[in-house]
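Notes follow once the structure below has been shown.
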Amino acid sequence: NKVLFSGMQATGNLTLGNYLGALKNWVTLCDEYECFYSVVDMHSITIRQDPAVLRKRARNLLTLYIAAGLDPKKNCIYYQSHVSGHAELAWILDCFTYMGELNRMTQFKDKAAKHADNINSGLFTYPVLMAADILLYQADVVPVGIDQMQHLELTRNIAERFNNIYGDVFTIPEAYIGKVGAKIMSLQDPSKKMSKSDENPNGSIYLMDDPDTIMRKCKRAVTDSEGCILYRDEQPGIKNLIDIYSACTGKTPDETVKEFQGKGYGDFKPAVGEAVVSVLKPLQDEFARLSKDKAYIDSVIKGNAEKANYYATKTLRKVQRKVGFPDRI
Ligand code: TYM
């Protein structure tokens, strides 16, 4: 069976971008592959966190994976920090990654600019830990949004470099980018991606926003004065709303344009809001239901960490042997 790996950070409130760019595709692909979906809490501490808040958010995120439709009996849903192999492989891969490569990572540059008082070495080697996540499970496919493409490219380069020295150790992973929704933009500034850490809460739709809030944010979305609903770069706000509507309804952007031909923004924006509500409401209800079932979530956490650990250790032992660490007796 082919293997799928992906992960999400439990930092900040998840947005519609995280859902449409990643989680939604995870659910579509989950029957086709042997899947590992991680809550990447080790990545989260590259930025200062309140421990109690991080713990709570990590649990909420894991619960949300299940609420979205992933099946913890078939898909491995677990905390990254519960599988020590991630850190162990990351160290080895650090020794096969060049400073110059990491210096070119745009996400590092953005985050370093934003957190100038805490440019720690974990933030710098963040992409290597991500490579370890993926390579540890010999993943064939990694469904992510466009913003993670550069990290994935680096992962492939590290894996190829390692394989060139030691033989075929790692599977070279491919990114899976959805046809629509791979880059959802801010509703207030369509030149910026929708982000968990946006200061303007009207720019992002959060997965836990109530229907009124979602409708209000969609109606207030920044557009233009063209007045027509066309899918083109000259109308970035409308283009983004077409992406959102299409991703939520399963239509193509072309079909959406046809559907709203001759209509104005006053019709389109509320329709986008309704499409988003109809996707998020069931997710929220299921999340609320599952959150109450402490014993069930606990059992998922324990059982799946063991499963992940089994596969992780297999790769790790192979890698350790290749680089020359002594055998365990
Ligand atoms: P994170 O937590 O920032 O985002 C999780 C996923 O959501 C996607 N995404 C978006 N997609 C479309 N439009 C947007 N506006 C948008 N914002 C976020 C991201 O592309 C991502 O797929 N480094 C990763 C987490 C990670 C990971 C991994 C992913 C760690 N290890 C291994 C894949 C494989 C991150 O910070 O994603």
Side-chain angles (χ1 to χ4, degrees), residues 3-27 29 35-47 54 57-58 60-62 64-65 68 78-81 83 86-87 89-90 93 105-108 110-111 122-123 125-156 158-159 173-198 203-207 239-240 243-244 246-248 308 312:
V3 177
L4 179 156
F5 183 93
S6 202
M8 232 180 252
Q9 289 203 67
T11 322
N13 290 318
L14 289 221
T15 72
L16 186 64
N18 296 125
Y19 182 75
L20 297 179
L23 193 51
K24 186 170 173 288
N25 297 326
W26 298 5
V27 177
L29 298 168
C35 300
F36 296 85
Y37 297 112
S38 188
V39 171
V40 294
D41 47 0
M42 288 162 66
H43 279 104
S44 295
I45 64 163
T46 54
I47 288 166
L54 178 60
R57 283 192 166 146
N60 284 347
L61 183 55
L62 188 131
L64 191 80
Y65 286 2
Y78 72 99
Y79 295 129
Q80 183 188 33
S81 64
V83 180
H86 290 257
L89 181 59
L93 298 181
M105 295 291 118
T106 58
Q107 211 154 69
F108 169 69
D110 291 349
K111 286 191 185 170
L123 192 67
T125 56
Y126 176 118
V128 187
L129 179 58
M130 179 161 161
D133 298 342
I134 296 166
L135 301 178
L136 201 50
Y137 300 93
Q138 306 287 3
D140 297 281
V141 62
V142 183
V144 283
I146 285 173
D147 63 341
Q148 295 300 319
M149 274 305 278
Q150 197 187 26
H151 290 160
L152 210 83
E153 210 39 60
L154 177 70
T155 301
R156 291 165 55 91
I158 297 172
E174 303 265 354
Y176 175 97
I177 305 280
K179 284 200 188 67
V180 272
K183 192 168 187 190
I184 300 297
M185 311 308 279
S186 159
L187 298 180
Q188 291 296 312
D189 178 357
S191 70
K192 278 194 335 201
K193 79 164 181 180
M194 186 180 282
S195 152
K196 292 182 253 203
S197 54
D198 199 335
S204 304
I205 294 176
Y206 299 106
L207 295 191
K239 187 169 185 231
N240 188 38
D243 274 332
I244 292 174
S246 306
C248 288

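Quantities reported herein were computed from a predicted structural model and do not represent experimental measurements. Whatever order the structure lists ligands and atoms in, that order sets their numbers, starting from 1.
- The option from G178, G17, A10 that lies nearest to atom 11 (N) of ligand 1, judged by heavy atoms, is G17.
- Two residues are said to be in side-chain contact when any heavy atoms from C-beta on lie closer than 4.5 Å; D198 and Q188 fail this criterion.
- Between atom 35 (C) of ligand 1 and the options Y137, Y176, Y126, the minimum heavy-atom separation is to Y126.
- Interface atoms of ligand 1 facing I134, defined by a heavy-atom separation under 4.0 Å, are 32 (C), 34 (C).
- Not one N or O of M130 is nearer than 3.5 Å to an N or O of ligand 1, by distance alone.
- Counting only heavy atoms of the protein, atom 5 (C) of ligand 1 lies nearest to M8 CG, 3.0 Å.
- Nearest protein heavy-atom neighbour of atom 37 (O) of ligand 1: Q148 NE2, 3.7 Å.
- Between W26 and Y65, the ring-plane angle classifies as perpendicular under the 30° and 60° cut-offs.
- Close N/O approach between H151 and ligand 1 is not found [any backbone or side-chain N/O within under 3.5 Å].
- If you take NZ on K111 and CD1 on I47, they are separated by 5.0 Å, rounding to the nearest 0.5 Å.
- Regarding atom 31 (N) of ligand 1, its nearest protein heavy-atom neighbour is D133 OD2, 2.7 Å.
- By heavy-atom distance, the residue among L20, N18, V144, N25 lying nearest atom 9 (N) of ligand 1 is N18.
- In this structure a side-chain-to-backbone donor-acceptor pair under 3.5 Å is missing from D243 to G181.
- Among all protein heavy atoms, the one lying closest to atom 32 (C) of ligand 1 is F5 CE2, 3.4 Å.
- Under 4.0 angstrom from ligand 1, the non-hydrogen atoms of H43 all belong to its side chain.
- Taking atom 3 (O) of ligand 1 as the reference point, the nearest protein heavy-atom neighbour is K196 NZ, 4.0 Å.
- Taking a 4.0 Å cut-off on heavy atoms, G181 registers as neighbouring ligand 1.
- For the atom pair CE (M8) and CG (L23), the distance works out to 5.0 Å, reported to the nearest 0.5 Å.
- At least one donor-acceptor pair closer than 3.5 Å links the side chain of H43 to the backbone N or O of Y126.
- The protein non-hydrogen atom at the shortest distance from atom 19 (C) of ligand 1 is D147 OD1, 3.3 Å.
- In this structure, K183 NZ and M149 CE are separated by 12.0 Å, a value rounded to the nearest 0.5 Å.
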TODO: I would like to know whether E174 and D140 meet side chain to side chain contact (heavy atoms under 4.5 Å, CB included); could you show each step before the answer?
DONE: CA-CA 6 Å; E174 303 265 354; D140 297 281; over 6 Å; no

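- Nearest protein neighbour of atom 25 (C) of ligand 1, counting heavy atoms only, is G7 O, 3.7 Å.
- Contact annotation: for T15 versus ligand 1, there are no heavy atoms closer than 4.0 Å.
- For ligand 1, the polar-atom distance check finds no N/O of V142 at less than 3.5 Å from any of the ligand's N/O atoms.
- With hydrogens and angles ignored, the 3.5 Å screen pairs no side-chain donor or acceptor of S81 with any backbone N or O of D41.
- Looking at heavy atoms from C-beta onward, V142 lies out of side-chain contact with Q148 at the 4.5 angstrom threshold.
- For ligand 1, the atoms lying closer than 4.0 Å to a non-hydrogen atom of G21 are 11 (N), 12 (C).
- With respect to C35, the side chain to side chain contact (heavy atoms under 4.5 Å, CB included) criterion is satisfied by exactly one of L4, V141, L29: L4.
- Contacts between I184 and ligand 1, counted as non-hydrogen atom pairs separated by less than 4.0 Å, involve both the backbone and the side chain.
- Heavy-atom proximity to K183, at under 4.0 Å, picks out these atoms of ligand 1: 12 (C), 13 (N).
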TODO: Run the numbers on Y78 and S38 for side chain to side chain contact (heavy atoms under 4.5 Å, CB included), then give the verdict.
DONE: CA-CA 5 Å; Y78 72 99; S38 188; 3.6 Å; yes

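- In terms of N/O distances under 3.5 Å, ligand 1 is approached by Q9.
- Atom 12 (C) of ligand 1 has its nearest heavy-atom neighbour, among A182, G145, A22, in A182.
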TODO: Could you give me the CA-CA distance, side-chain angles and deciding distance for V83 and F36, then say whether side chain to side chain contact (heavy atoms under 4.5 Å, CB included) is met?
DONE: CA-CA 12 Å; V83 180; F36 296 85; over 6 Å; no

